[in-house]
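Counting from 1, the numbers follow the sequence of the chain as shown. Below, each value reflects all heavy atoms present in this structure, side chains not excepted, and no hydrogens, waters or symmetry copies. The shown structure was predicted, so the numbers you read here are calculated from the model rather than taken from an experiment.
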Amino acid sequence: MASGTGQSITNWADKSGEYKRGASQFRSHISREEGAEFPPEKGRYHLYVSYACPWAHRTLIVRKLKGLEELIPYTSVHWEMLEKGWRFVTSPGEISGINVRPDPIHQNFTHLRDIYFSVDPGYKGRFTVPTLYDLKQNKVVSNESSEIIRMFYTAFDDLLPERFKNLDLFPTNLQREIEGTNEWTYNDINNGVYKSGFATTQEAYEKAVGPLFASLDRAEEHLAKHAGPFYFGEHITEADIRLYTTIVRFDPVYVQHFKCNIRDIRSGYPALHKWLRKLYWDVPAFGETTQFEHIKQHYTKSHKQINPHSITPVGPYPDILPKDVEVSAAAAALRSTNQ
């Protein structure tokens, strides 16, 4: 999350100490409409991601759920993000992970920022993942994750087998509820962990961390009241995707690194914990795109203003629990509830 202005992430808090997330700059769309600038075509677009980034993680999940693997190739950057932003590995195998490789499109590019400057030499925005790139026109289509995943929902349907074409992650009958959930999930949870972690005053931190846990309580209550197994019932929707990428990072990173330690997920939120593990262990699009090594290494070794010695905590262990295992405190609480 570096920027073309040379501004460091440590300067993204305002005078009150509150973290302010900048807006994405590229907001075009892949469309099936006749004459569209970016029509759906196999192999035309390349997706740049980081396995560490929760926003990029959304796109990997949807890409796999919708069966877009053969249509949209992707490359993951290195987990390290320093002064020049996200960098590519220098050789395949430098670190673990599928498609963690040098930029396959631009052989001499060392950083994601090189793509942005090749598109616009005067670019002043952020060099963020995900980045959806058009090889035919050498343009960035979008670097806004919420819009990229919605493109993936339907834009390529004419090129997909029926079982993927028929998968509806934003069903009409639930759209109003999903949009309502998205609003507070994004403001208080997805972005709330960052507002807590990047705050530079005690007041700003407490202003963010309170709503974060109030909204985690709200999500917990919703999941406890409904049969599930997913957020809105028997089928995965956008609400699951947008919440998962924060919750799966919560215990391994956000509890300690971003000081979000009022409660953790595994001992403090039984319904969320059950929902999380269902997605991770039973749905390959979630579990297979979750790379804990990248997640833990990135946050703890890239944010020098928070962790200047780049020490990565060993725990929690394991990064995520099996479905049939509870931490001692949670197990005792469940036994008490069931008596």
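Annotation for S31 and P40: closest pair O-CD, 3.1 Å, computed over non-hydrogen atoms. Nearest heavy-atom pair, I148 versus P130, reported as atom, atom and distance to 0.1 Å: CD1-CG, 3.8 Å. For the residue pair I72 and Y45, the shortest heavy atom distance occurs at CG2-O, 3.9 Å. The shortest non-hydrogen separation linking A285 to K64 is CA-CD, 3.5 Å.
Counting only heavy atoms from C-beta outward, the side chains of I320 and T290 never approach each other to under 4.5 Å. Contact annotation: the side chain of K274 never approaches that of E326 to less than 4.5 Å [non-hydrogen atoms, C-beta and beyond]. You'll find the side chain of P102 stays beyond 4.5 Å of the side chain of Q107, heavy atoms only. Counting heavy atoms from C-beta on, the side chains of V327 and H273 never come closer than 4.5 Å. For the pair N143/Y116, a side-chain contact is recorded, criterion being any heavy-atom separation below 4.5 Å from C-beta on. Taking 4.5 Å as the limit, some side-chain heavy atom of L71 sits within range of a side-chain heavy atom of L160. In this structure the side chain of Y244 never reaches within 4.5 angstrom of the side chain of I236, judged on heavy atoms. With a 4.5 Å cut-off on side-chain heavy atoms, K296 and V253 count as touching.
The closest side-chain donor-acceptor pair between E238 and Y153 falls under 3.5 angstrom. In this model, no donor atom of one side chain and acceptor atom of the other lie less than 3.5 Å apart for N99 and S76. For the 3.5 Å distance criterion, the side chains of N307 and T300 fail to qualify, holding no donor opposite an acceptor. Judged purely by distance below 3.5 Å, without hydrogens or angles, the side chains of S96 and E293 pair a donor atom with an acceptor atom. A donor atom on one side chain and an acceptor atom on the other are not found under 3.5 Å apart for S196 and Y254. When only modelled atom types and interatomic distance are considered, T289 and H57 share a side-chain donor-acceptor pair under 3.5 Å. Between the side chains of H294 and S50, no donor N or O sits under 3.5 Å from an acceptor N or O. Counting only N and O atoms by type, the side chains of T185 and R242 include no donor and acceptor under 3.5 Å apart. Side-chain N/O atoms of T154 and D157 include no donor and acceptor closer than 3.5 Å.
Separation of atoms CZ (R249) and SG (C260) is listed at 14.0 Å; rounding is to 0.5 Å. To the nearest 0.5 Å, atom NE2 of residue H257 and atom CD1 of residue I306 are 4.0 Å apart. Within the model, atoms CG of L68 and CG of L60 stand 11.5 Å from one another, a figure rounded to the nearest 0.5 Å. In this structure, CG on D114 lies 8.5 Å from CG on D103, to the nearest 0.5 angstrom. Atom OG1 in T312 sits 12.5 Å away from atom CD1 in I295 (nearest 0.5 Å). One distance of note links CD of E37 with OG of S28; it measures 5.5 Å at 0.5 Å rounding.
With R101 contributing its side chain and V89 its backbone, the two residues share no donor-acceptor pair below 3.5 Å. Distance alone, capped at 3.5 Å, places no donor-acceptor pair between the Y51 side chain and the V100 backbone. Checking side-chain atoms of Y123 against main-chain N and O of R126 turns up a donor-acceptor pair under 3.5 Å. Checked by atom type and distance alone, the side chain of W281 pairs as donor or acceptor with a backbone atom of L321 at under 3.5 Å. Between the side chain of K66 and the main chain of L167, a donor-acceptor pair closer than 3.5 Å is present. Not one N or O on the side chain of D251 forms a donor-acceptor pair closer than 3.5 Å with the backbone of D264.
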Test log, rule salt bridge (charged side-chain N to carboxylate O under 4.0 Å, His left out), inputs R218 and E183: CA-CA 13 Å; R218 185 175 178 180; E183 183 176 2; over 6 Å; no

- request: Please assess F170 against R150 for the test side-chain contact (heavy atoms from CB on, under 4.5 Å), listing each intermediate value before the final yes or no.
  value: CA-CA 8 Å; F170 193 52; R150 288 196 176 176; 3.3 Å; yes

- request: Please lay out, stage by stage, how H298 and H78 fare under the test ring-ring contact (aromatic ring centres under 6.0 Å, His included).
  value: CA-CA 9 Å; H298 162 68; H78 195 288; over 10 Å; no

task: Start with the C-alpha gap between R63 and E69, add the side-chain angles, then the distance that decides, and say whether salt bridge (charged side-chain N to carboxylate O under 4.0 Å, His left out) holds.
output: CA-CA 6 Å; R63 175 182 174 274; E69 291 102 320; 5.3 Å; no

field: Trace of the side-chain contact (heavy atoms from CB on, under 4.5 Å) decision for K278 with F230
entry: CA-CA 8 Å; K278 170 68 176 176; F230 305 116; 4.0 Å; yes

- request: For the pair E162 and K165, evaluate side-chain contact (heavy atoms from CB on, under 4.5 Å) and give the outcome as yes or no after the intermediate values.
  value: CA-CA 5 Å; E162 286 299 312; K165 181 177 181 178; 4.0 Å; yes

- request: Could you go through the salt bridge (charged side-chain N to carboxylate O under 4.0 Å, His left out) check for K304 and E83 one step at a time?
  value: CA-CA 10 Å; K304 302 294 186 181; E83 291 80 6; over 6 Å; no

- request: For Y299 and W79, run side-chain contact (heavy atoms from CB on, under 4.5 Å): C-alpha distance rounded to whole Å, both residues' side-chain angles, the deciding distance at 0.1 Å, then the answer.
  value: CA-CA 8 Å; Y299 284 94; W79 49 255; over 6 Å; no

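Separation of the F156 and F164 ring centroids does not fall under the 6.0 Å cut-off. A centroid separation of less than 6.0 Å is found between the aromatic rings of H222 and Y231.
For E203, the CD atom is loosely surrounded, since the number of other residues' heavy atoms within 6.0 Å does not exceed 12. For CG of N173, the number of neighbouring non-hydrogen atoms (other residues, nucleotides, ligands) closer than 6.0 Å is greater than 12. Crowding of K301 atom NZ: a count of heavy atoms from other residues, nucleotides or ligands under 6.0 Å exceeding 12. More than 12 heavy atoms of other residues, nucleotides or ligands sit less than 6.0 Å from atom NZ of K323. Sparse packing is recorded around CD1 of I98, with 12 or fewer heavy atoms of other residues, nucleotides or ligands lying under 6.0 Å away.
Under the side chain to side chain donor-acceptor pair (under 3.5 Å) criterion, W275 pairs with D240, not counting sequence neighbours. Residues meeting the ring-ring contact (aromatic ring centres under 6.0 Å, His included) test with F152, sequence neighbours left out: none.
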Distance-only criterion, 3.5 Å: show the donor-acceptor pairs between side-chain atoms of residues 207-217 and protein atoms not counting sequence neighbours.
from, atom 1, to, atom 2, distance (Å)
K207, NZ, E18, OE2, 2.8
S215, OG, D188, OD2, 2.8
S215, OG, P211, O, 3.3
D217, OD1, R263, NH2, 2.8
D217, OD1, Y269, OH, 2.8
D217, OD2, R263, NH2, 3.3

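Taking the six-membered ring where the residue is Trp, Y133 and H106 present perpendicular rings, their angle passing 60° and hence far from 30°.
Screening L174, D168, L169 for a side-chain contact (heavy atoms from CB on, under 4.5 Å) involving T237 leaves a single residue, L174.
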